[in-house]
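Chain letters run A, B, ... following the sequence lines, proteins first and then strands; every chain starts at 1.
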Protein chains: 2
Amino acid sequence: MKETLSTISQKTGFSVTTVSRVLSGQAEKYRISERARKIVLEEAERCNYSPNIIARNLRTNKTNTIGLILPSVSNPYFADLSSVIIAEANSRKYTTIVLDSMESESNQEACIATLMARRVDGIIVAPCGTDPAIFEEINKKHVPVILVDRFYEESDLPYVTTNNYSGGVEAINSLIRNGHRNIACIQGVKTSAPNKKRIAGYKAAMADAGLEDNILVVGNEFSLQNGYLETKLLLNRNPRPTAIFTLSNTIALGAIKAIREAGMKIPDDISLIAFDNNIYMDYLTPPISRISQPVEDMAKLAVKLLFESIESHNRVNTKLELAPDFISRESVKNLE
Amino acid sequence: MKETLSTISQKTGFSVTTVSRVLSGQAEKYRISERARKIVLEEAERCNYSPNIIARNLRTNKTNTIGLILPSVSNPYFADLSSVIIAEANSRKYTTIVLDSMESESNQEACIATLMARRVDGIIVAPCGTDPAIFEEINKKHVPVILVDRFYEESDLPYVTTNNYSGGVEAINSLIRNGHRNIACIQGVKTSAPNKKRIAGYKAAMADAGLEDNILVVGNEFSLQNGYLETKLLLNRNPRPTAIFTLSNTIALGAIKAIREAGMKIPDDISLIAFDNNIYMDYLTPPISRISQPVEDMAKLAVKLLFESIESHNRVNTKLELAPDFISRESVKNLE
DNA sequence: TACTTTTGCTCAAACGATTGTGCATAATTA
DNA sequence: TAATTATGCACAATCGTTTGAGCAAAAGTA
């Protein structure tokens with residue numbers, strides 16, 4: 001492990017330059033003789049040489065590393081996302097540094113500082129907060145930034161997200177088709193763009209059906225607890241909603257907990273539709289109807305955009321919305 | 001961002017050395033005057049200086065980075081583990097590189113090569129495969145290695161894991177207390193130590209109850225599909241087991257799927273107990289009795305051990321088994 | 001006044017790679 | 001044979017930081 005170009009140079013008698021060129025595959029370009037190549041390669045093999053990437057990074061001013069900032073690494077949705085991103089980056093010979101902002105803007109700033117100090121070649125982020133300024137500056141002056149899942153509507157930062165509006169519309173329309181009129185929605189972080197779009201879809205679909213007066217949006221966090229508490233309150237309302245639309249998988253679990261505690265059954269006593277997809281949702285009783293985000297496609301596209309940007313040394317300004325899938329299960333009662 | 005010690009040196013008139021010492025908090029130690037400190041700090045502030053960590057790493061031969069290799073980044077169990085490890089490392093000013101071996105030894109070797117080339121200061125790994133040699137060599141010659149979850153019985157590499165044996169015993173005893181005699185077990189990767197220990201616990205508890213003849217172990221993968229297929233077969237056996245013990249959460253989901261397809265109900269027609277804990281298990285119908293691993297404690301201890309090793313420049317040889325929790329729910333029928 | 005100690009700072013090497021340029025020698029051509 | 005071109009390699013600078021050693025000038029002491 002103490003093997004360097006210099007030690008190989010000494011062993012073989014060739015200069016560090018020559019050794020470097022052979023080992024970095026530039027032998028052809030710099031006309032290194034077959035003989036020299038062979039000797040150098042054999043010595044490198046023998047001593048198990050592994051180039052010091054730190055030194056290379058310093059010299060080339062490239063780290064072959066990307067940064068990934070997520071609001072919650074352990075959330076299954078983001079765990080899936082990171083899994084795909086890590087794999088995609090890896091297939092391009094890049095390493096990923098995953099950081100957790102824990103839904104806090106100050107943590108997020110610390111994450112950014114870490115990534116900038118480590119001179120990553122690009123950043124993929126599901127941002128928290130409402131101010132795009134810091135990412136815009138980085139994107140303009142330093143390294144490319146691609147937003148994923150969450151984005152800033154007023155900014156021209158590139159992003160890949162689900163078509164959250166149509167997801168909201170689809171969810172509500174399916175409820176309306178089943179005769180529901182009194183549909184409540186439990187939201188997550190109010191200021192996040194996906195949340196806003198889903199709410200917009202919900203409201204538009206309700207309005208289209210002439211149900212403006214029944215619009216009811218509660219909650220403020222993408223968490224189980226939020227789902228639980230808000231559902232408790234919803235179940236006490238008069239009239240009680242016949243259906244609940246939860247804007248995340250965690251909120252859905254909280255809602256289920258509250259519904260059970262009230263001794264009620266899904267879908268007989270109340271219907272439920274959720275955003276997000278997780279395999280376990282099919283194993284709940286009943287399986288939950290849901291709006292599934294194309295996580296793998298989103299992750300792959302985000303990486304693709306990032307590398308376009310890195311390799312071209314230009315910024316992209318692509319904004320992509322991928323269509324969600326509606327997965328119909330048995331958590332919605334037909335009231336007609 | 002093009003700000004370096006050298007540019008600050010030029011602006012302020014102090015040498016690069018002095019600037020470096022002020023900015024790295026060594027002013028006291030090297031008797032830099034208050035006046036000089038102030039000037040340098042102000043200039044650094046003004047131009048928004050951020051040290052080039054790559055250069056620092058090269059010079060100090062430390063990267064303040066640890067590597068984490070997992071068999072499946074998206075598996076909720078490992079997602080939880082990585083979340084805690086990332087946070088713990090971060091609180092010690094370390095960055096984590098997460099890599100996915102995808103349960104393949106050749107991938108695992110590639111991961112190791114990546115981490116060594118990047119000169120991480122230490123490695124935490126839930127290894128796959130049965131050969132500890134490569135990790136032993138790294139641990140001996142290069143950087144400290146701590147195993148987590150999975151480990152090698154014959155090796156003296158340090159590890160933190162669950163007491164999988166007692167977990168197996170507890171699961172089976174609880175079934176036996178409920179009158180079960182015909183208990184099948186669906187395992188994961190046969191060669192992994194946790195799997196072996198769980199099986200050993202299962203067999204010991206069965207034997208203690210005089211049920212050697214009823215011992216039945218099937219399966220070979222920590223996956224939903226394995227759980228599904230093996231359960232299909234188990235349900236066709238004669239006599240059919242009255243209870244199934246699945247060695248992971250994914251296997252449990254597969255078992256549930258097969259049981260449902262057969263038109264059977266848990267626990268009325270068959271009982272189920274699983275290894276691993278996930279919040280959604282409480283929301284299944286019925287909630288699943290399970291052996292919960294202390295993921296957070298394991299992660300924190302693994303990080304603690306790693307840093308002991310890094311900071312002391314010595315290897316630790318601690319081997320820790322943490323007691324699992326038995327979470328009793330309604331997936332087990334009392335046959336008596 | 002002369003010597004010692006402290007203060008405040010700089011020099012220059014080092015970490016390990018990459019890379020533009022240059023220089024012999026060998027091979028080719030005229 | 002002389003001029004030209006091709007071949008094969010090495011020199012030395014560079015990336016931005018850290019750090020042991022050293023050296024004036026200022027302050028303290030005798």
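Taking 4.0 angstrom as the limit, Ser20(B) places a side-chain polar atom (N or O) nearer than this to OP1 or OP2 of dT18(D). An OP1 or OP2 oxygen of dT19(C) is reached within less than 4.0 angstrom by a side-chain nitrogen or oxygen of Gln26(A). The phosphate of dC9(D) (OP1 or OP2) has a side-chain N or O of Ser33(A) nearer than 4.0 angstrom. For the OP1/OP2 pair of dG16(D) and a distance below 4.0 Å, the side-chain nitrogens and oxygens of Thr4(B) include no atom meeting the criterion.
Over its length, the helix from dT1(C)-dA30(D) to dA30(C)-dT1(D) turns its helix axis by 50°, as judged from the five terminal pairs at each end, rounded to 10°.
In this entry the distance linking CD of Glu3(B) with C1' of dT17(D) reads 15 Å, nearest Å. Between the CZ atom of Arg119(B) and the P atom of dC15(C) there is a distance of 13 Å, given to the nearest Å. In this structure, the CG atom of Leu5(B) is 20 Å from the P atom of dA14(C), given to the nearest Å. At whole-Å resolution of the value, OH in Tyr30(A) and P in dT19(C) are 7 Å apart. When rounded to the nearest whole Å, the span between CG of Leu58(B) and C1' of dT17(D) equals 8 Å. Regarding Ile39(A), its CD1 atom lies at a distance of 13 Å from the C1' atom of dG8(D), rounded to whole Å. Look at CZ on Arg56(B): it is 16 Å from C1' on dC15(D), rounded to the nearest Å. Here the C1' atom of nucleotide dA17(C) and the CG atom of Asn57(B) are 14 Å apart, to the nearest Å.
If you take OG1 on Thr130(A) and CZ on Arg150(A), they are separated by 12.0 Å, rounding to the nearest 0.5 Å. Going from atom OG1 of Thr318(A) over to atom CG of Asp156(A) covers 11.5 Å, rounded to the nearest 0.5 Å. Separation of atoms CD1 (Ile134(A)) and CD (Glu105(A)) is listed at 9.5 Å; rounding is to 0.5 Å.
Relative to the side chain of Arg59(A), the nucleotides dC9(D), dC9(C), dG16(C) differ in distance, and dG16(C) lies closest. Taking every side-chain heavy atom of Asn52(A) into account, dG16(C) is the closest of dG16(C), dT17(D), dT19(C). Out of dC9(C), dT19(D), dA17(C), the shortest distance to the side chain of Tyr49(A) is found at dA17(C). Closest to the Phe14(B) side chain, of the nucleotides dC9(D), dT10(C), dT18(C), is dT10(C). In this structure, the nucleotide among dC9(D), dT10(C), dT18(D) sitting nearest to the side chain of Thr18(B) is dT10(C).
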With salt bridge (Lys or Arg N to Asp or Glu O under 4.0 Å) as the criterion, how do Lys141(B) and Glu3(A) come out once you've worked through the C-alpha distance, each side chain's angles and the decisive distance to 0.1 Å? CA-CA 13 Å; Lys141(B) 298 210 276 186; Glu3(A) 310 305 341; over 6 Å; no
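Contact annotation: side chain of Arg21(B) to base of dT17(D), donor-acceptor pair absent below 3.5 Å. The base of dA12(D) sits with one of its N or O atoms less than 3.5 Å from a complementary donor or acceptor on the side chain of Thr17(A).
Applying the salt bridge (Lys or Arg N to Asp or Glu O under 4.0 Å) definition to pairs two or more places apart or across chains, those involving residues 73-91 of chain B are Glu88(B)-Arg92(B). The list of salt bridge (Lys or Arg N to Asp or Glu O under 4.0 Å) pairs with a residue in residues 311-320 of chain A, not counting sequence neighbours, is empty.
Arg35(A) comes within contact range of the sugar-phosphate backbone alone, with a heavy-atom separation under 4.0 Å but no base atom that close.
A 6.0 Å sphere centred on NZ of Lys62(B) holds more than 12 heavy atoms belonging to other residues, nucleotides or ligands.
With the nearest nucleotide of DNA chain C identified for both Ala55(A) and Val16(B), Val16(B) has the one nearer the 5' end.
Ser20(B) and Thr17(B) are not linked by any side-chain donor-acceptor pair at a separation below 3.5 angstrom, with hydrogens and angles left out of the test.
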